Each structure stands twice: as structure tokens, then as C-alpha cells.
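Note sheet for the following structure.
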Amino acid sequence: MVTDDEGDSFNQPLGGNDMPRFGGPATMMRLPTQVTAEGLDVCFVGVPMDIGTSNRSGTRHGPRQIRAESCMLRPYNMATGAAPFDSFQVADIGDVATNTFDLKKSVALIEEAFDGILAHDCIPLTLGGDHTLTLPILRAIAKKHGPVAMVHIDAHADINDEMFGEKIAHGTPFRRAVEDGLLVCDKVWQIGLRGTGYSPEDFDWPRRQGFNVVTAEECWGKSLAPLMDSVRQAIGDHPVYVTYDIDSLDPAFAPGTGTVEIGGLTVWQGLDIVRGCRGLNIVGGDLVEVSPPYDTTGNTALIGANLLYEMLCVLPGVKHGG
Ligand code: MN
Ligand code: MN
């Protein structure tokens with residue numbers, strides 16, 4: 001039994017030798033669930049929504065499917081030695097009740113929910129949901145930590161001023177975040193950007209704000225560990241938020257998403273990026289845009305579950321064994 005400094009035992013994922021992996025609670029990694037973040041160091045929380053999407057929907061089913069696929073995950077990270085469940089009190093606190101008929105109200109509800117999580121000094125790892133949800137999370141985070149650095153992995157910059165005349169959508173969150181002063185712009189990395197655009201402005205606007213734009217083409221055929229060395233050096237100990245859009249990955253790996261672009265990152269490059277965040281002062285993270293209706297094998301949700309686990313494994317203070 002692993003205990004914390006007060007002698008309380010840490011929650012553990014339900015093991016495959018205690019309950020078959022196809023049974024047990026339908027929570028992230030079959031962890032215990034609780035209603036609030038009280039007493040937790042880290043929580044998994046779902047934000048089921050897709051009314052911010054511009055094309056194919058379905059991400060409202062993302063959190064449930066990520067949880068379903070996460071039943072296969074074991075607690076110890078064989079590659080990195082991380083033992084997150086010997087380090088933190090972690091639980092799945094369920095889903096934020098969004099308003100599926102009103103995107104702007106949903107954004108307000110998400111911010112309020114994350115204010116509550118952060119009031120418990122708990123680090124949220126969010127199962128999305130479309131990328132709109134990152135804006136209200138950043139609003140809540142900035143109230144607690146001030147403007148943050150950000151590692152944003154995505155095929156898209158998500159800095160449109162408007163979509164169909166609307167300021168709030170899954171392609172606008174980081175334009176709004178800049179306007180709201182939520183980011184330290186020269187400590188923002190956007191990695192994996194690619195595809196067709198409306199104009200060069202799609203990637204030049206973030207560059208003009210000071211964002212560090214790393215296109216997918218710059219990543220092709222390489223380990224991204226050296227990139228992450230430079231990211232860590234530049235961000236230092238500043239609070240940082242990690243937002244992982246699953247469409248950053250090539251559709252050969254992750255077809256189950258709404259806005260697919262060819263020529264994307266590999267799964268192992270995604271792991272390079274998340275594992276390369278170890279040492280950063282991470283204050284929150286999310287994994288967004290998994291759309292189960294387009295994920296016929298479940299592999300996209302499985303990758304999402306693994307990347308969320310990898311985020312847990314690089315949070316500040318995680319113990320490494322072996
Ligand atoms: Mn996105
Ligand atoms: Mn995207």
C-alpha cells in the first residue's frame with residue numbers, strides 16, 4: 001500500500017487481476033470517482049461537447065470512449081519509469097454538465113466548473129470534447145496562475161477571429177486567449193500545424209503574437225526530443241498548460257476526429273512531445289477532438305487515453321522508480 005505524507009493511501013486504478021479489464025467502473029483507468037476535486041492532487045474530468053465544431057461532430061462522445069479504452073492502461077510507465085499513482089492522489093470526477101443547446105452558456109459553465117476544481121489546488125487533466133473547451137479552462141487557470149505558457153499540439157492554429165460570424169468556436173480559442181491576456185505569447189509553442197488554409201495569415205498571425213510555430217513538415221522524420229529540450233529551456237519554471245488536439249496526429253493513426261489533415265505527426269512523436277514536457281511546471285492539460293463515430297476501431301480514443309496518462313506521468317513531483 002502506497003501512502004502519502006499523512007499516511008493516507010493513494011487511489012489506485014483497479015487492476016486487471018482483481019477485475020477483468022472489460023468490467024469494473026467506467027472511469028478513467030478504472031480509478032475511483034468522486035464528485036468534487038477535494039483532497040486530490042490531480043483529477044481526470046470530462047467535458048462532453050461538440051457544438052463548437054465546424055464540420056464533423058461527435059466529440060460529445062469523446063470522454064466516455066476515452067474512459068472505455070483506458071481500461072487497458074496499467075499504472076506503471078515502462079518507458080519512463082514514472083509511477084504516478086505512487087505520487088499523487090488521483091480520481092475521476094466525472095463530467096462537466098455543458099448546455100448542448102448553447103455554446104456560449106457551455107463556455108461559462110466550463111469556466112465555473114474549473115474555478116471549482118482549481119479552488120482545491122488540483123491539477124485538471126481534461127477529456128474532450130471539442131477544442132472550444134480550452135478557452136474557458138485557460139480563463140479559469142489564468143485567474144489562479146496568471147498568464148501561462150502553453151504547449152499546443154494540433155494540425156490547426158485555432159486562431160481564427162470568427163467562424164461563420166461567431167467569436168466562440170473550436171477554431172477560435174487561442175485568438176480569444178490572446179485578447180483576454182491569458183497567455184505569455186513568446187512562451188507558446190504550436191506543434192504539428194499543416195494542411196490547407198484560407199491564407200498564410202492562418203500561421204502568420206500566431207507568429208506575429210510571438211508564438212513559436214512548428215509545422216508538421218518541420219517535424220517529419222525526426223525525433224522531437226531536441227525540440228522539447230529547447231521548449232523546456234525557453235519556458236523554464238513558468239506555469240504551463242498543455243493542450244493536445246488528437247488531429248495533430250496523422251489520420252493513419254488517429255482517424256477518429258472531425259477535422260482530419262494528412263501528413264501529420266506519428267504516435268511516437270506525440271509521445272516525444274508529452275514526455276518532453278517532464279520538468280515543466282504543468283498546471284493543467286487536455287486531450288481534445290476525439291470523435292468516436294469516426295473511430296471505428298477505438299484506436300483514436302485509445303491513443304487519447306494513453307496521451308492523457310502520459311501527461312499524468314510528467315506532472316511536477318511525479319516519482320520515478322526502477
Ligand atoms: Mn484544435
Ligand atoms: Mn485541430
Side-chain angles (χ1 to χ4, degrees), residues 47-60 62-63 66 103 106-107 110 125-139 150-164 166-178 182-183 188-198 202-203 205-206 209 211-217 219 241-267 269-270 273-274 284-295 300-301 303-304 307-308 311:
V47 181
M49 66 180 289
D50 58 12
I51 57 173
T53 54
S54 51
N55 186 24
R56 308 193 307 190
S57 59
T59 60
R60 66 179 62 187
I66 291 168
L103 181 59
S106 292
V107 164
I110 296 165
L125 295 177
T126 302
L127 293 61
D130 75 64
H131 220 156
T132 312
L133 62 86
T134 305
L135 175 63
I137 295 174
L138 287 172
R139 284 175 173 161
M150 187 170 72
V151 179
H152 170 206
I153 310 97
D154 203 322
H156 314 96
D158 293 350
I159 52 70
N160 293 288
D161 185 24
E162 296 181 344
M163 297 182 87
F164 221 80
E166 295 294 331
K167 293 281 189 183
I168 300 292
H170 77 153
T172 68
F174 305 113
R175 173 81 67 136
R176 300 288 90 77
V178 169
L182 311 178
L183 299 170
V188 172
W189 268 260
Q190 295 187 299
I191 306 170
L193 306 195
R194 64 186 186 275
T196 51
Y198 287 105
D202 293 0
F203 296 170
W205 187 89
Q209 312 315 307
F211 289 13
N212 303 275
V213 172
V214 183
T215 63
E217 285 80 1
C219 299
Y241 189 80
V242 179
T243 182
Y244 202 112
D245 185 328
I246 200 76
D247 73 26
S248 58
L249 298 175
D250 191 85
F253 301 101
T257 191
T259 320
V260 286
E261 307 287 354
I262 66 163
L265 305 182
T266 64
V267 172
Q269 287 176 318
I273 294 169
V274 178
D286 63 50
L287 186 295
V288 298
E289 298 285 355
V290 170
S291 180
Y294 295 94
D295 188 20
T300 307
I303 296 168
L307 289 171
L308 282 159
M311 283 185 205

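Counting convention: from 1, in listed order, for ligands and their atoms alike. Given the structure is predicted, the values throughout are model-derived calculations rather than measurements.
- With the Mn ion (ligand 2) as the vertex, atom OD2 of Asp247 and atom OD2 of Asp245 span an angle of 90° (nearest 10 degrees).
- Between Asp286 and Thr134, the side chains place a donor N or O and an acceptor N or O closer than 3.5 Å (distance only, hydrogens not considered).
- Residue contact annotation: Asp154 places an N/O/S atom under 2.8 Å from the Mn ion (ligand 2).
- With the Mn ion (ligand 1) at the apex, His131 ND1 and Asp158 OD2 define an angle of roughly 90° (rounded to 10 degrees).
- His156 and Thr259 are not linked by any side-chain donor-acceptor pair at a separation below 3.5 angstrom, with hydrogens and angles left out of the test.
- Note on His156: counted as a metal contact of the Mn ion (ligand 2), an N/O/S atom lying under 2.8 Å.
- Side-chain contact, Thr300 with Asp295: a donor N or O sits under 3.5 Å from an acceptor N or O.
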Exercise for the section: Show your reasoning for whether side chain to side chain donor-acceptor pair (under 3.5 Å) applies to Asp154 and His131. Expected result: CA-CA 10 Å; Asp154 203 322; His131 220 156; 3.2 Å; yes
